[in-house]
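Worksheet: one structure, shown below.
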Amino acid sequence: MRRTDALLLVSGIAYSSFVAAESLPRGVGPEFAKFYGSKATFTCIGNPSIVLKSSQINDNSCDCPDGSDEPGTAACSYLDPLSPEQPLPGSLTGTTNTTNALPGFWCANEGHIGTYVPFMYVNDGVCDYELCCDGSEEFAHVGGVKCENRCAAVGKEWRRLEEERKQSKERSAKRRRTLVKEARELRRRVEVMIANLQEELKRLELKKGELQKKFEEAERSERGKVVKGEGQGGKLGVLLGLAKNRVSELRDTLDKVLDQRDDLQDKVDQLEDILKKLQDEYNPNFNDEGVKAAVKSWENYAAEQASGKGPELADADIMEILKEDSETSGINWAEFQEEGASDADIVYNLEAYLPPFARDYLHEKLNLLRVWLIENGILADNPTSSGESRLVTAAREALEAAKNELSSKTSTLEEEQRDLEKDYGPDDIFRALKGKCVSTDSGEYEYELCWMDRTTQKSKKGHGNTNMGNFVRIDREMADDEERADGKGLGKGQRMVLRYDNGQGCWNGPNRRTDVWLACAETEEVWRVREAEKCVYKMEVGTPAACEDVHEPGVKTKDEL
């Protein structure tokens, strides 16, 4: 059966409340009854200057330019404000480009709801029960068609569905109120966190200032010391530092001597080769005293080397000496640099046995304690290998810890403030849905919507997921869709649209984008997904968050008296 935009529903006001049905021409609606009566003449509604005989009403001839004389026939169905202007012989206006004063043929539909049927449907041989359940629009029985009155059954079913829609609307409103309460509580928590962070930052700023002063004082005290650098801590400490430096110098010198020895050994080997070759190849019968003396000297040198005379130091022993000092070789300088661990050091090392969050807290407190103990002469200020006193080191570490904590808290505060200023829709309602996801199967893909986050296309064939867009903002647009029997549609009117942009790029195309259109529903549900244009998707979603702002029963609003 047919449905058109020309269908107009009116309230269920009884037809007889205006005038008796038998006193009005066929097809006249309640709100137009005042123009029709038992008078002998009829005045065209839109053209008062034109007066007709009452017999000309519903005579199947369009005599009024606005068609008001034919409320019960299709004689004026050709009138249309969107028709192109054209000469029309016999027409008072000379064109079809005009508006009919009547919205259509009135079907009383007793037992249901009265409606207007487009004039073009009158006596067209089709029973339009979804518009005119009483069948009165086919009064001429064109082609032998007789439309029975089905308003009792249609009205009963409509009332049943209307009751279900009403209950569903109430459940949706209740769910929306729950979401609003959750959103308010979440917002309150953010506001409390921001207030706490602001107070904590004030405290940390004061603490940082105090630690900065202590660090600067420790540095000034350190600069005033006579002996600085490695070996701090008295004459023995200075001597220890000098000894360590001296050993390092001797080790470096020995390393250079070994390099020179290896170079000289290469030269000796070359000379030995020359003399050995001279011994083997010279002519003993040739009387050359110089050559004979050289050969004789080489023979004595070779015999002495063969006898094993002369000192010899193994390379392994030398390499052992050249090893860097550590706990396993050479001198373990740490044993001399760090005096025996004190009770305070043992307590300090307990940090290693604590979890990270407790370790950081304890480390900060112990640093402050050590600074206080050193400043008051209770704990010795033992020097460190870096040449900086432990007082300065502890003060620096305490200051850096305070700065890091201040920076971390500041970042958290800024993030929470941005979240508080973010648009979460009316009543902050989407704050209660943030992080939750809904999905639907659609052929070879599964489409997922994560509120205030992203939309995703998931392949069922194991080809990975595709980002269809990241949440950007909330807009509003007008929807113009037909009402669906199951209620899972956008309908007509202004709707919220969530914009998800800058998704994964399409092959040889732009980045993907998703417009999520919302309509009222009891639960969060993705109804349909389609690609409106290349890489631009339209997702229709039902959610209580899109329902009207229905206040809880019994609770007065500001506008109520």
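If you're wondering where the values come from, they're calculated on a predicted model, not measured in any experiment. Throughout, residue positions are numbered sequentially from 1 according to the sequence presented.
Here the side chains of Arg476 and Val497 are not in contact, with every heavy-atom distance at 4.5 Å or above. Two residues are said to be in side-chain contact when any heavy atoms from C-beta on lie closer than 4.5 Å; Thr41 and Ser54 fail this criterion. In this structure the side chain of Cys437 never reaches within 4.5 angstrom of the side chain of Leu449, judged on heavy atoms. Taking 4.5 Å as the limit, some side-chain heavy atom of Phe42 sits within range of a side-chain heavy atom of Cys64. Counting heavy atoms from C-beta outward, Lys409 and Leu204 have side chains that approach closer than 4.5 Å. Using a 4.5 Å cut-off on side-chain heavy atoms (C-beta onward), Tyr500 and Val516 make contact. Considering only heavy atoms from C-beta on, Glu163 stays 4.5 Å or farther from Trp158 through its side chain. Counting heavy atoms from C-beta outward, Leu102 and Phe119 have side chains that approach closer than 4.5 Å.
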Original post:
When you look at Phe139 and Arg26, which way does the side-chain contact (heavy atoms from CB on, under 4.5 Å) test go after all the steps?
Top reply: CA-CA 10 Å; Phe139 60 87; Arg26 182 180 56 248; 3.2 Å; yes
**OP:** Begin from the C-alpha positions of Val145 and Cys127 and carry the test side-chain contact (heavy atoms from CB on, under 4.5 Å) through to its verdict.
**Re:** CA-CA 8 Å; Val145 173; Cys127 298; 3.7 Å; yes
Original post:
So Lys214 and Glu210, salt bridge (Lys or Arg N to Asp or Glu O under 4.0 Å) or not? Walk me through it.
Top reply: CA-CA 6 Å; Lys214 288 186 177 181; Glu210 293 173 358; over 6 Å; no
Original post:
Given the rule in the salt bridge (Lys or Arg N to Asp or Glu O under 4.0 Å) test, do Glu185 and Arg188 qualify, once you have shown the distances and angles that lead to the verdict?
Top reply: CA-CA 5 Å; Glu185 175 59 21; Arg188 187 193 67 80; 2.8 Å; yes
**OP:** Just do the side-chain contact (heavy atoms from CB on, under 4.5 Å) check on Val529 and Ser442 with the steps written out, would you?
**Re:** CA-CA 8 Å; Val529 181; Ser442 179; 5.5 Å; no
**OP:** Please test Arg187 against Glu191 for salt bridge (Lys or Arg N to Asp or Glu O under 4.0 Å), starting from the C-alpha separation and ending with a verdict.
**Re:** CA-CA 6 Å; Arg187 183 179 181 86; Glu191 291 172 342; 3.5 Å; yes
**OP:** Let me see the working for Thr178 and Arg175 under side-chain contact (heavy atoms from CB on, under 4.5 Å), right down to the final yes or no.
**Re:** CA-CA 5 Å; Thr178 301; Arg175 171 62 178 156; 4.2 Å; yes
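Asp128 places no side-chain N or O within donor-acceptor distance of the main-chain N or O of Cys132, the cut-off being under 3.5 Å. With hydrogens and angles disregarded, a donor-acceptor distance shorter than 3.5 Å links the side chain of Glu138 to the backbone of Gly125. Side chain of Arg512 to backbone of Gly469: no donor-acceptor contact under 3.5 angstrom is found. Between the Lys460 side chain and the Gly443 main chain, a donor and an acceptor come within less than 3.5 Å of each other. The main-chain N or O of Lys403 is never found under 3.5 Å from a side-chain atom of Ser407 such that the two would form a donor-acceptor pair.
The distance from atom CG of Asn502 to atom CG of Asn467, rounded to the nearest 0.5 Å, is 9.0 Å. Note that CG of Asn196 is 11.0 Å distant from CD of Glu416, once rounded to the nearest 0.5 Å. Annotation: the span from Leu201 atom CG to Arg203 atom CZ amounts to 9.5 Å, rounded to 0.5 Å. To the nearest 0.5 angstrom, Lys458 atom NZ is 10.5 Å from Asp441 atom CG. Between the CD atom in Gln56 and the CG atom in Asp69 there is a gap of 7.5 Å [rounded to 0.5 Å]. Expressed to the nearest 0.5 Å, how far CD of Gln504 lies from CG of Asn511 amounts to 9.0 Å.
In this model, no donor atom of one side chain and acceptor atom of the other lie less than 3.5 Å apart for Glu405 and Ser408. Residues Gln457 and Tyr447 have side chains that bring a donor and an acceptor to within less than 3.5 angstrom of each other. A donor-acceptor contact under 3.5 angstrom links the side chains of Ser61 and Asp63, judged on distance only. Side-chain atoms of Ser168 and Glu522 include a donor-acceptor pair closer than 3.5 Å. Side-chain contact, Ser68 with Asp66: a donor N or O sits under 3.5 Å from an acceptor N or O.
Between Glu524 and Lys436 there is no salt bridge, since none of the side-chain N atoms of the basic residue sits less than 4.0 Å from a carboxylate O of the acidic one. Looking at Asp419 and Arg431, a side-chain N of the basic residue comes within less than 4.0 Å of a carboxylate O on the acidic one, giving a salt bridge. Using a cut-off of 4.0 Å between Lys/Arg side-chain N and Asp/Glu carboxylate O, Asp134 and Arg150 are scored as not salt-bridged. A salt bridge between Glu525 and Lys488 is present, with a side-chain N of the basic residue lying under 4.0 Å from a carboxylate O of the acidic one. The pair Arg160-Glu157 meets the salt-bridge criterion, since a charged nitrogen lies less than 4.0 angstrom from a carboxylate oxygen. Classification of Lys166 and Glu162 as a salt-bridged pair fails, no side-chain N sitting under 4.0 Å from a carboxylate O.
Screening residues 113-122 for salt bridge (Lys or Arg N to Asp or Glu O under 4.0 Å) gives no qualifying pairs among residues at least two apart or on separate chains. Each salt bridge (Lys or Arg N to Asp or Glu O under 4.0 Å) pair with one or both residues in residues 530-542, not counting sequence neighbours, appears once here: Arg528-Glu540.
Counting all heavy atoms, side chain and backbone alike, Glu110 lies closest to Cys151 at O-CB, 3.2 Å. Considering all non-hydrogen atoms of both residues, Tyr424 and Lys434 come closest at OH-NZ, 3.1 Å. Scanning all heavy atoms of the two residues, the minimum distance from Leu433 to Trp451 falls at O-CB, 3.4 Å. Contact detail for Thr514 and Met468: the closest heavy-atom pair is OG1-O, 3.0 Å. Counting all heavy atoms, side chain and backbone alike, Arg495 lies closest to Ala479 at CG-CB, 3.8 Å. For the residue pair Met452 and Asp423, the shortest heavy atom distance occurs at CE-O, 3.7 Å.
Within 6.0 Å of the NZ atom in Lys213, the count of heavy atoms belonging to other residues, nucleotides or ligands does not exceed 12.
Residues that satisfy the salt bridge (Lys or Arg N to Asp or Glu O under 4.0 Å) test with Glu199, not counting sequence neighbours, are Lys202.
A cation-pi geometry, defined here as NZ or CZ lying under 6.0 Å from the six-membered ring centre and within 45° of its normal, does not hold between Arg499 and Phe471.
The SG atoms of Cys133 and Cys107 are placed at least 2.5 angstrom from each other.
Checking Tyr116, Phe32, Tyr36 one by one against Trp106, the ring pair (Phe, Tyr, Trp, His ring centres under 6.0 Å) holds for a single residue, Tyr116.
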